[in-house]
Trainee: 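Shown below is the structure under consideration.
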Amino acid sequence: MIDLNVENRKTLIYIAIAFAFSVAMRLIWVYQFHDFAPFHFHDQLMINTNDGYIWAEGARDLLSGTSSNPGAKEYFDKFHQFNDLSPVTSAASQLTAFFAKILPFSFESVILFLPVFLSSLVVIPIILIAKDLKNLEMGFVAALLASIAWSYYNRTMAGYYDTDMLNIVLPMFLLWSIIWAIDTNKNIYLIITAVDILIYRWWYPQSYSLEFSFFGLILLYTLIFDRKNIFNYKLLAIMMFAMMNTDGFIRLGAILVVFYIFPQKKFDKYIYYILGLSIAAFFITGGFSPIWAQLKGYVFRNSVSAADQGLGLHFFTVMQTVREAGKIPFETFANRISGHPVTFVVSLLGYIYLLYKKPIMLFSLPLVGLGFLAYVGGLRFTIYAVPILAFGIAFLITELSAKMPTTKLKYLSIIAFTLAILYPNYKHIEAYKVPTVFNANEVKVLDELKHIAGRNDYVVSWWDYGYPIRYYADVKTLADGGKHSGSVNFPVSFMLTHTQEEAAKMARLDVEYTEKTYDFIKMHKKEIADKNLTIFPNIEQMTKDYGFHNTNKFLATLKDTNISLPRKTRDVYFYLPFRMVNIYPTMTLFSNINLMNGHQGRQPFFYVSRSFKDMGTKIQLGQNIFLDKRTLNLTLGNKTMPIRRFVKTQYSKDMKLHKSVQLVNFTSDISVIYMANYNTMLIVDEKTYNSLYIQLMVLENYDKNLFEPVILTPDAKIYKLKV
Ligand code: MN
């Protein structure tokens with residue numbers, strides 16, 4: 001029975017207030033954009049993280065429960081299509097589907113608000129840990145700060161629908177149950193700890209490193225300080241069983257068995273055997289292998305990957321385009337953990353003081369360690385340190401206020417200090433007006449496509465748009481937020497930046513090869529594992545299948561020769577949003593490379609101007625870029641040259657695109673395109689001008705033998721492949 005004494009009642013009240021505070025702060029963004037139409041779809045704000053759309057896809061499929069694979073053997077194939085990469089087995093999708101099913105809100109509302117409510121749960125373990133330390137006020141202050149601190153807010157705000165919404169909550173519950181287990185030696189915390197590990201692993205399979213660190217710390221503590229205490233070995237054993245590398249239900253069975261045995265005194269003499277058994281089971285099931293793989297990654301960082309029997313192609317990698325994961329400035333690091341550098345430094349001192357006064361908090365070290373990994377591993381890790389360092393400053397605040405002469409002053413000082421540390425975080429939230437992933441017009445296009453394209457059809461677009469395309473249009477994609485290696489991006493980049501002729505052939509090739517490869521992997525799973533077979537990138541397999549050893553020679557055949565294409569098994573669409581102009585140069589990088597030797601080609605000329613000025617005789621397009629209105633000469637810095645053509649595009653009242661092409665000088669390589677309705681000028685070289693993207697999106701100059709327009713709007717255009 002829960003005893004509702006004064007302390008417990010206070011605990012509940014603190015939890016309720018902190019939770020409400022955390023939720024309220026997350027509604028600021030919702031309020032800021034509640035009537036901003038471009039961010040809405042189906043009468044609800046859209047989400048603001050790209051990755052969220054993959055979980056949304058899985059949840060949508062789980063809820064729909066229809067199948068295009070009648071007679072599918074596997075249970076989950078009832079819900080989605082073969083090879084569509086829908087994550088119906090993921091915890092995030094399953095939990096979302098569950099909430100969408102039981103709650104009376106729309107699916108769009110569920111994914112928007114799920115992070116708001118789930119991430120706010122973090123206040124519960126924070127306050128409960130403080131309860132164990134006999135300092136509830138500390139927990140309350142820490143909960144207020146941690147729930148809205150900069151990086152935690154950024155990664156769990158309304159619409160930031162991603163696994164982060166529970167990635168701190170679950171290890172904090174684990175820390176709470178470990179602290180209470182060690183402190184009280186009550187059996188109930190054995191099962192709570194084990195179940196928490198099961199849930200955490202289900203939610204986030206990479207959780208093993210934190211679990212293992214907690215296990216190591218408890219082992220160390222036991223061996224050094226508390227060797228005679230049988231309870232510690234029970235805790236270690238049940239954790240080991242929970243951490244085995246096997247099915248969740250088997251682990252649940254194992255922990256239920258030991259939980260049944262442990263409270264019975266007569267089994268105490270077998271505890272070392274049970275612990276031994278648990279460790280053996282952990283190793284036999286391969287529980288250590290992911291940890292070993294990670295360690296190996298650190299130790300043998302420079303090991304060369306095994307040479308294969310392939311053509312040794314050199315692909316461009318996404319890492320090269322993501323900004324260098326260099327050293328993070330201290331201020332950024334501190335802001336993200338505590339909201340302000342001063343708060344951070346004081347928090348750190350407070351944390352050290354807290355460790356000295358309450359050594360049991362040493363069990364929180366793995367979280368702080370992971371948070372500080374941000375210094376080398378990237379900003380995303382900072383959230384792990386947020387709640388623990390919040391304890392640090394909250395402890396100092398309560399210690400200081402305890403020195404106040406009167407109770408009134410004590411509470412006033414707590415309030416004043418707390419408001420001071422919350423303020424910078426509140427200011428951050430107020431200013432953090434992130435946009436939704438797509439705008440309403442783009443989504444409208446995809447929603448329309450959903451009724452046109454089949455669920456086994458492919459939509460070609462850049463990987464950034466992969467997940468949202470799959471969610472809104474219910475189709476397949478070649479690349480997405482989780483599938484965008486250099487070899488996957490190469491064909492897509494090639495299609496978007498080469499001629500329609502080349503793009504059309506490559507689209508048919510890449511789609512059919514993608515499906516064929518998935519099927520091959522599925523049918524030869526065992527052989528591939530046994531013989532360590534290499535699965536070649538599509539482009540490499542094509543090169544070989546068409547009888548070449550040199551990819552460049554194969555690609556050259558796509559230009560004009562009539563190569564025989566694979567049998568068409570489905571339709572292919574191109575999704576071309578206007579926003580792609582911003583990433584066009586980045587997209588070119590992936591195919592503007594000689595795959596045989598890795599030499600990068602010369603970057604095409606591509607310049608976007610959105611703030612051009614009419615200066616009478618000439619138009620200024622950029623700092624040192626001018627277009628003479630009379631001669632149509634282009635001046636780039638100190639170089640003046642004629643342009644090849646001047647194109648003006650404009651929508652008529654009925655939203656039809658009209659263009660006027662003014663040929664100027666055939667010897668020039670540079671064209672200027674004035675997109676009047678977009679208030680945009682493009683300066684492009686001839687290769688870019690002839691690219692699929694410019695021809696189909698900007699000019700609607702499609703080759704009727706190769707493409708058929710499906711949806712043409714200013715924000716996004718969709719074409720269907722005819723070959
Ligand atoms: Mn699907």
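For ligands, and for the atoms within them, numbers begin at 1 and follow the listed sequence.
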Trainee: Just jot down the side-chain contact (heavy atoms from CB on, under 4.5 Å) partners of S22, sequence neighbours excluded, or say none.
Mentor: R26, S120, S147

Trainee: With ring centroids as reference points, do Y153 and W29 lie under 6.0 angstrom apart?
Mentor: no

Trainee: Between Y458 and D510, is there a side-chain donor-acceptor contact under 3.5 Å, judged purely by atom types and distance?
Mentor: no

Trainee: So, the side chain of Q500 versus the backbone of S691: is there a donor-acceptor pair under 3.5 Å, distance only?
Mentor: no

Trainee: Tell me, please, which residues at least two apart from E108 pass salt bridge (charged side-chain N to carboxylate O under 4.0 Å, His left out).
Mentor: none

Trainee: Return a table of donor-acceptor pairs under 3.5 angstrom between the side chains of residues 473-481 and protein atoms on other chains or two or more places apart.
Mentor:
{"from": "D474", "atom 1": "OD1", "to": "R60", "atom 2": "NH2", "distance (Å)": "2.9"}
{"from": "D474", "atom 1": "OD1", "to": "R455", "atom 2": "NE", "distance (Å)": "3.4"}
{"from": "D474", "atom 1": "OD2", "to": "R455", "atom 2": "NE", "distance (Å)": "2.8"}
{"from": "D474", "atom 1": "OD2", "to": "R455", "atom 2": "NH2", "distance (Å)": "3.3"}
{"from": "K476", "atom 1": "NZ", "to": "F82", "atom 2": "O", "distance (Å)": "2.6"}
{"from": "K476", "atom 1": "NZ", "to": "N456", "atom 2": "OD1", "distance (Å)": "3.1"}
{"from": "K476", "atom 1": "NZ", "to": "E515", "atom 2": "OE2", "distance (Å)": "2.8"}
{"from": "T477", "atom 1": "OG1", "to": "R470", "atom 2": "NH1", "distance (Å)": "2.9"}
{"from": "T477", "atom 1": "OG1", "to": "A479", "atom 2": "O", "distance (Å)": "3.4"}
{"from": "D480", "atom 1": "OD1", "to": "G482", "atom 2": "N", "distance (Å)": "2.6"}
{"from": "D480", "atom 1": "OD1", "to": "K483", "atom 2": "N", "distance (Å)": "2.8"}
{"from": "D480", "atom 1": "OD2", "to": "R470", "atom 2": "NH1", "distance (Å)": "2.7"}
{"from": "D480", "atom 1": "OD2", "to": "R470", "atom 2": "NH2", "distance (Å)": "3.4"}

Trainee: With a cut-off of 2.8 Å, which protein N/O/S atoms are close to the Mn ion (ligand 1), if we only count those under it?
Mentor: Q81 OE1, D84 OD2

